[in-house]
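Below you'll find the structure, written out as structure tokens, and then a few comments.
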Amino acid sequence: MFEQSIAYQALEAAIKPYNEIAQQNQTGLDGTEEVLHAKRWLSQQGESVWSQVEPNSLYFALLQAARVGLSLNNFEKYAVLAQRYNDAGMPFVEYMPTYHGYIKLAADSGMVTQITSDLVFKEDNFIYHGSTKAPEHSATTLSQKEDDRGELDGAYALAYLTNGAVFCEAVSKAELDEVEQTMKLSMQFSVWDSVFVGQMRRKTAIRRLMRLLLPQLAELSDKPGYIERLKGAMAGEDGVWDKINTEQLKTRRVVEQAQSENVVALSQPELSVTPPHLANQHKTVTGENHELMEKLKAPVEQEHFVVPKTDQQMPTRGLAEW
């Protein structure tokens, strides 16, 4: 069944343009293999998703993957396909690099020696020296409990370049809380409620660091293919967060509407059961709609994926807007 779906056809159609982009950007990735990773992921989402998913979103997600040049191989964990829903409640797919992927992308420049991040607590000794110097940070214990190091104060991420340059991104506690709440509401990341919340906060700092680092790497690089990969990553990151913020607002409205409807329902008396004089008007669907039932039994005509004539669904932001 999955092999006959329009979603499967969309992925198949992406192989050729994927290879063309990968060859141009010199990533060494193979479209057939990457599409296979995507097929495995999509089939695991279940028929309720792959039978309804917007096929163009799959096609463009694979083209975005080719542009950024980070594999969808689940063992490498450089990038993933993320399932979302549009305003009509229909599923669509986006390509998302992970923080491991961003580190890999930066390392591919040949100009980065190390990227790291850490959390800062109120009782730590921490001195911030700006975005182009490493901060001073020390603590008397590795514990992250409030009783030992005080309340969380923020996080930071560092990148060291081969030319001696240092880039630092600091994220306050308020900003971490905002990201955490957004991710919980929009993407239902239960890991934020787990023992791994500290790692998620450090990852947030690394992703923020990339907004500072990637444009600098693009300025320093003399490789057109690599610069295009950086542009693709930056455009995609902006697009993802735009959609997350939109979904957050939409979800809040749905919750508010549900709460409002619940209040109205509670204020009204319960409806009675069907009156006796109307009971005999209920007929079976089979008896009343025999013609409709026969149509439903007829075989459904096979859908065919049509390759989009434009790439207007590809993320377009880049260096100038970062």
Side-chain angles (χ1 to χ4, degrees), residues 74-80 82 84 96-107 112-161 164-214 237 240-241 243-252 254-256 258-259:
N74 188 51
F75 294 103
E76 295 178 340
K77 301 188 183 301
Y78 290 150
V80 298
R84 305 192 192 285
M96 288 184 61
T98 65
Y99 89 103
H100 290 292
Y102 278 118
I103 292 176
K104 171 70 164 56
L105 182 60
V112 177
T113 61
Q114 185 180 9
I115 293 178
T116 185
S117 67
D118 206 349
L119 301 179
V120 181
F121 296 84
K122 289 288 188 180
E123 295 185 11
D124 293 356
N125 297 312
F126 181 78
I127 302 177
Y128 177 62
H129 294 298
S131 61
T132 58
K133 291 184 179 180
E136 297 177 38
H137 184 199
S138 63
T140 58
T141 176
L142 294 178
S143 171
Q144 295 185 2
K145 296 180 179 179
E146 288 190 13
D147 293 342
D148 298 323
R149 293 176 64 180
E151 296 180 0
L152 179 71
D153 193 39
Y156 66 94
L158 290 168
Y160 296 89
L161 274 59
V166 177
F167 292 96
C168 177
E169 179 67 38
V171 186
S172 69
K173 173 63 163 56
E175 291 172 305
L176 287 174
D177 288 343
E178 183 178 356
V179 171
E180 181 174 339
Q181 292 303 314
T182 299
M183 299 299 279
K184 283 181 179 179
L185 183 61
S186 303
M187 304 177 73
Q188 299 180 344
F189 275 11
S190 59
V191 69
W192 285 91
D193 295 314
S194 72
V195 295
F196 300 108
V197 65
Q199 293 185 27
M200 299 305 294
R201 289 164 176 163
R202 285 191 287 270
K203 292 176 185 178
T204 297
I206 290 177
R207 295 183 78 96
R208 283 279 297 270
L209 173 66
M210 294 302 156
R211 299 188 69 90
L212 178 65
L213 179 61
L214 296 188
E237 181 76 1
V240 166
W241 281 101
K243 287 184 174 62
I244 287 176
N245 290 333
T246 300
E247 289 174 3
Q248 180 186 28
L249 177 61
K250 181 176 65 177
T251 303
R252 283 176 177 169
V254 170
V255 171
E256 291 172 356
Q259 292 174 339

Where do [X] and [Y] come nearest, in terms of heavy atoms and distance?
{"X": "Ala106", "Y": "Ile115", "value": "CB-CD1, 3.8 Å"}
{"X": "Pro135", "Y": "Leu158", "value": "CD-CD2, 3.6 Å"}
{"X": "Val171", "Y": "Ala205", "value": "CG2-CA, 4.0 Å"}
{"X": "Lys77", "Y": "Thr98", "value": "O-OG1, 2.6 Å"}
{"X": "Ser143", "Y": "Asp148", "value": "OG-OD2, 2.6 Å"}

Mind checking the [atom1]-[atom2] spacing from [X] to [Y]? Nearest 0.5 Å is all I need.
{"X": "Gln199", "Y": "Lys203", "atom1": "CD", "atom2": "NZ", "answer": "6.0 Å"}
{"X": "Ser131", "Y": "Leu213", "atom1": "OG", "atom2": "CG", "answer": "11.5 Å"}
{"X": "Leu212", "Y": "Met210", "atom1": "CG", "atom2": "CE", "answer": "10.0 Å"}
{"X": "Glu123", "Y": "Asp147", "atom1": "CD", "atom2": "CG", "answer": "9.5 Å"}
{"X": "Tyr128", "Y": "Lys133", "atom1": "OH", "atom2": "NZ", "answer": "12.0 Å"}

Only one of Met200, Gln181, Arg201 forms a side-chain contact (heavy atoms from CB on, under 4.5 Å) with Leu176, so which one is it?
-> Arg201
Which pairs with one or both residues in residues 166-177 pass salt bridge (Lys or Arg N to Asp or Glu O under 4.0 Å), sequence neighbours excluded?
->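 Output for this query lists Glu169-Arg208, Lys173-Asp177, Glu175-Arg208.
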[X] side chain near [Y] side chain, heavy-atom distance below 4.5 Å:
{"X": "Thr132", "Y": "Val166", "result": "no"}
{"X": "Tyr78", "Y": "Leu105", "result": "no"}
{"X": "Thr140", "Y": "Arg149", "result": "no"}
{"X": "Pro97", "Y": "Val80", "result": "no"}
{"X": "Ile206", "Y": "Ser117", "result": "yes"}

Should Leu214 and Tyr102 be marked as a side chain to side chain contact (heavy atoms under 4.5 Å, CB included) after you check the CA-CA gap, both sets of side-chain angles, and the distance that decides it?
-> CA-CA 9 Å; Leu214 296 188; Tyr102 278 118; 4.2 Å; yes
Between Lys104 and Glu76, is the closest basic N to carboxylate O distance under 4.0 Å?
-> no
Exam field: side chain Asp124 to backbone Phe121, donor-acceptor pair closer than 3.5 Å | yes
Looking at residues at least two apart in the chain, or sitting in another chain, which of them share a ring-ring contact (aromatic ring centres under 6.0 Å, His included) with His137?
-> Phe126, Tyr156
Who passes salt bridge (charged side-chain N to carboxylate O under 4.0 Å, His left out) against Arg202, sequence neighbours left out?
-> none
